[in-house]
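The analysis underlying the following values was restricted to heavy atoms, covering all of them including side chains, and did not include hydrogens, waters or symmetry mates. Position 1 is the first residue of the sequence, and the numbers go up from there.
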Amino acid sequence: MRFKVVLEPSDEGGFTVYIPSLPGCISEGDTVEEALKNIEEAVELYLEPVEDDWVFDERALVKEIEL
């Protein structure tokens, strides 16, 4: 999967990084490289399914796809 990320200089130094297509997926780092590494980890956690939070009709089918 590919995502466009936005890196903004932080007033305190370093960078804030976020992904507009994933609302709330945000991180930071002291350097561009560190910020990019940190946002990769944030994306993995953001996209990780949390089965306890699933609410669906008991007749629904749950399937997995790979992109």
Side-chain angles (χ1 to χ4, degrees):
M1 297 178 81
R2 291 180 175 266
F3 297 99
K4 292 198 186 270
V5 300
V6 178
L7 292 124
E8 295 179 344
S10 177
D11 292 339
E12 298 83 27
F15 294 89
T16 299
V17 59
Y18 62 94
I19 299 178
S21 61
L22 299 176
C25 188
I26 187 169
S27 192
E28 60 186 6
D30 292 331
T31 64
V32 169
E33 294 77 18
E34 182 180 8
L36 290 173
K37 180 180 174 218
N38 291 343
I39 198 66
E40 286 181 15
E41 182 178 335
V43 169
E44 290 175 5
L45 294 171
Y46 185 98
L47 295 177
E48 185 175 282
V50 180
E51 293 182 21
D52 292 347
D53 292 341
W54 289 6
V55 178
F56 52 83
D57 187 299
E58 62 186 34
R59 298 169 293 163
L61 297 173
V62 176
K63 299 289 185 181
E64 190 172 283
I65 64 170
E66 185 173 330
L67 303 174

Less than 3.5 Å apart, which donor and acceptor atoms pair up between the side chains of residues 60-67 and the rest of the protein, not counting sequence neighbours?
none

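For the side chain to side chain contact (heavy atoms under 4.5 Å, CB included) test, residues two or more places apart in sequence or in another chain that qualify with Leu22 are Phe3, Ile19, Cys25, Val43, Tyr46, Leu47.
Glu34 CD: more than 12 foreign heavy atoms inside a 6.0 Å radius.
Listed here is the closest heavy atom pair of Phe15 and Ala35: CB-CB, 4.2 Å.
Proximity of Leu36 to Leu7: side-chain heavy atoms (C-beta onward) are separated by under 4.5 Å at one or more points.
In this structure, CD1 in Ile26 is found 12.0 Å from CG in Asn38, a value given to the nearest 0.5 Å.
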